[in-house]
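The structure under discussion appears below in the form of structure tokens.
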There are 4 protein chains.
Amino acid sequence: MVRGYKLTELALQKSFSDTVWLLLRGELPTELESKMFGAILTIAIDHGPGTASGLVTRISASVKTSIQASVAAGLLAMGERHIGALDSAAKFFIENKETADLADLVAELKSQKIRIPGFGHAVLTKDYRSETLLTIAKEVGFYGQYSKFAEEVEVELNKISSKPLPLNVDGAMAAILLDLGFKPGALTGVFLIARVPGLVAQATEEAQDDTGLRRLSEDEIEYTGPSLRKIGV
Amino acid sequence: MVRGYKLTELALQKSFSDTVWLLLRGELPTELESKMFGAILTIAIDHGPGTASGLVTRISASVKTSIQASVAAGLLAMGERHIGALDSAAKFFIENKETADLADLVAELKSQKIRIPGFGHAVLTKDYRSETLLTIAKEVGFYGQYSKFAEEVEVELNKISSKPLPLNVDGAMAAILLDLGFKPGALTGVFLIARVPGLVAQATEEAQDDTGLRRLSEDEIEYTGPSLRKIGV
Amino acid sequence: MVRGYKLTELALQKSFSDTVWLLLRGELPTELESKMFGAILTIAIDHGPGTASGLVTRISASVKTSIQASVAAGLLAMGERHIGALDSAAKFFIENKETADLADLVAELKSQKIRIPGFGHAVLTKDYRSETLLTIAKEVGFYGQYSKFAEEVEVELNKISSKPLPLNVDGAMAAILLDLGFKPGALTGVFLIARVPGLVAQATEEAQDDTGLRRLSEDEIEYTGPSLRKIGV
Amino acid sequence: MVRGYKLTELALQKSFSDTVWLLLRGELPTELESKMFGAILTIAIDHGPGTASGLVTRISASVKTSIQASVAAGLLAMGERHIGALDSAAKFFIENKETADLADLVAELKSQKIRIPGFGHAVLTKDYRSETLLTIAKEVGFYGQYSKFAEEVEVELNKISSKPLPLNVDGAMAAILLDLGFKPGALTGVFLIARVPGLVAQATEEAQDDTGLRRLSEDEIEYTGPSLRKIGV
């Protein structure tokens, strides 16, 4: 039984993502919530073997271990700078959404070298995933105060930044999930659910192709410690 | 891009579980594959806080750590005896499905005290999840040689076992996934994907209720080591 | 080569804990540093199967998985409330060690229900490990400003607390490691090194005794969700 | 209390590595056992940031997460091909140490393309760590049947191999630990204990230098999937 519903009935009548929503929210989603939430999970499902979590999952699979271990390793390569920022972004949105002067706030943070979570990307200059999610949010009616505020922050941030700082998929997901009624503190978990299939696929591919142990070769490493010393000297 | 499709188009047009299938199989599922695969993921989504993985996830969340850490800990409490048996079960089905005398085989394994993976459950005497999945498999046309063999093994096993050894959800999933064309070695990963939402829900609930550190109290532990010794004596 | 020394020479001439110090600090320890650091690592080596990390390691080992996975799971059950508090305790000591009125500070924190990291224990009312470490610190000359401050906090805290809040081993280790010159941010790692042997021993014992899958039985779990509902009702 | 001894007395009188031995073996080591075991732990303490486990620990630390998570991730990048082979090597030594014709056995395994665990290294052609450990083993009297057999296998293997296959540190540790009386199934855990300080040092260095998120850049990744496809086409 999940939140009062029988698993056997859910399996017959409801989609996997609707049952995920039920687990997290306690109620089945409406049709529009279902569409929005399905799109959020799907768009975050994978981002390739070069991400911190994808790379770690593949290195782990290359040493020959269990798939559980490789996927767990991938999760442990998620943190403030990769996927783990949703709840920090949500905190920022909640605390500042009624700020009187957003340009001021953004400038102040920049001067203190504080990075706003949910903006910027290691590779992308514009995050097409955020754009798609916000477009869907507008269509199905979940473009609310947080989504709007996130886009306003993006505008102000890019007025004063020397390099592009797009609203990234973490930031867009955080804003829309808040507009969908998710509680702060419960958002990063949604991204974990979305990305685990990507990690499973990376680990399975690595194990089945089996091209050998992944590590750095000696000439990729620079030793920066002291030169040879003798004990007792 | 996932297997040739744009993520943004998948997010608009395809369900999350269909995109999971695409990631793992390289093609989008047919309508019947989609129904079967969605049911498999949904029925395995959670099995409560008392399972090894659910309990470990909650203990981890209770010490105050990140959700990534708690879910990873839960994955690491999956092994041969809990969720991790799908690929072993698949191996058993593949290697033995054409055995001439199944009753003989099962008796022989019992005499050697070898447990067949995918049968038996710590709590359930009949696994209603297996029954539901096999019913759906029959309806949508994926009740093939492996599903049939799994049920035959269940029958033989219970003729000679002193306690009920139901075809459990691991075993049923393994058989149906083989009938769906999944390759051996790629099955346990499907269960991980299915169960991660359950672990996320357990961790989130534990963190939000926050009833304190979970551990055993001293009177729940029995010290079985030697009595007090002195160094050098 | 480790920090300029050959591993082969270290293995012949230096103890394991001295080489740990070398790795973390960049220099070999003096004789007194060696004695203090060895005592710190030894006293924290294990605290039984009932701790959050010990229990999680055992549950993981009971499902039949690798020792790496079980020890990693144990590490993931360390957080602010169990072992992971050393760096928070150090931060508190550094920020407040020159406070003009410690009694005031402690009262203020109590009134805000802010728990000072490094004090209190789930089971112990007086932490004999802290006492031993501080005794050694006095003997070998590392009872410095942080150790002294930690004991002063303990005194003030227990004047106003309704239940005993001993300086626990996390707090004592944090204070002494600061007095030994360890940098804040590098302290929790020392406890991980110290406790991993305990986790390895728990996992090995569990695997070798092999008393079956550890989980909660159904009657140990209370379902607190809604009663049975029908989809679409 | 650890195996009958008080932790407080052990901390005052015994080294960390002696207490590790006590935990794992149930008795304090003799002086010679202590020397041998200390050397084993010390020589395996770290092998740089380029190893699978070192690299994964650093990637994890670079995303900004807890040190527990980064060290756990490193443990999960240990498997059959990196550190996790000790117990497989031990199994091989035990099962084959009385083989009548070792050259035959080695040739047969080569023809079946079965790799003997404990031999070969991704970077080293001769493992100086094994040589040092075996030298010490001879000196202190623990060069027994397993150490001897491991060296014999190395000789036979390199007679017929086209590339060097040195007895690596995993293999040498496995052999000597068996000669020290450790039980098969309990050996990999010893390497975990030895290497965790290295992982802690890698994670701490990464966090303190903080040179940003480690991942592959787009031009380091080759997309090998199908070219652009349209849904429903």
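In the text below, chain A, chain B and the rest are named by the order of the sequence lines, each starting its count at 1.
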So, for [X] and [Y], which heavy atoms are closest and what is the spacing to 0.1 Å?
| X | Y | result |
| --- | --- | --- |
| Leu76(C) | Ala72(D) | CD2-CB, 3.8 Å |
| Gln208(C) | Pro184(D) | NE2-O, 3.7 Å |
| Ala11(D) | Ala39(C) | O-CB, 3.6 Å |

Rounded to the nearest 0.5 angstrom, the NE2-CG distance for His47(C) and Leu7(D) is 7.5 Å
Pick one: which of Thr42(C), Asp18(C), Val20(C), Ile40(C) meets side-chain contact (heavy atoms from CB on, under 4.5 Å) with Phe16(D)?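 For Phe16(D), the side-chain contact (heavy atoms from CB on, under 4.5 Å) test succeeds with only one of Thr42(C), Asp18(C), Val20(C), Ile40(C), which is Thr42(C).
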Checking side-chain contact (heavy atoms from CB on, under 4.5 Å) against Thr19(D), which of Asp46(C), Leu41(C), Ile45(C) comes through?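 Output: one option passes, namely Ile45(C).
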Going by the rule salt bridge (Lys or Arg N to Asp or Glu O under 4.0 Å), which residues pair with Arg25(C) if we only count those two or more places apart in sequence or in a different chain? none
Just wondering, more than 12 heavy atoms not from [X] lying within 6.0 Å of its [atom1]?
| X | atom1 | result |
| --- | --- | --- |
| Gln112(C) | CD | yes |
| Lys6(C) | NZ | no |
| Lys148(D) | NZ | no |

[X] portion near chain C, given a 4.5 angstrom heavy-atom threshold:
| X | value |
| --- | --- |
| Glu131(D) | neither |
| Lys14(D) | backbone |
| Ile43(D) | both |

Check whether [X] gets within reach of chain D through its side chain, its backbone, both or neither, counting any heavy atom under 4.5 Å.
| X | answer |
| --- | --- |
| Ala201(C) | both |
| Ser66(C) | neither |
| Leu199(C) | neither |

Heavy-atom pairs under 4.5 Å with chain C - which of Thr132(D), Leu23(D), Ile67(D), Asp87(D) has more of them than the others?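 Greatest number of close heavy-atom pairs with chain C: Leu23(D).
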Could you check whether any side-chain N or O of Gln68(C) sits under 3.5 Å from a backbone N or O of Met78(D), counting only pairs where one atom can act as donor and the other as acceptor?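 It does hold such a pair.
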Run the salt bridge (charged side-chain N to carboxylate O under 4.0 Å, His left out) check on Glu205(D) and Lys183(C) step by step: do they pass? CA-CA 11 Å; Glu205(D) 210 171 279; Lys183(C) 287 187 194 158; over 6 Å; no
Can you tell which of Ile136(C), Thr8(C), Val71(C) has the highest number of heavy-atom pairs within less than 4.5 Å of chain D? Thr8(C)
Quick one: which of Leu133(C), Thr204(C), Thr135(C), Val196(C) has the most heavy-atom pairs under 4.5 Å with chain D, could you say? Val196(C)
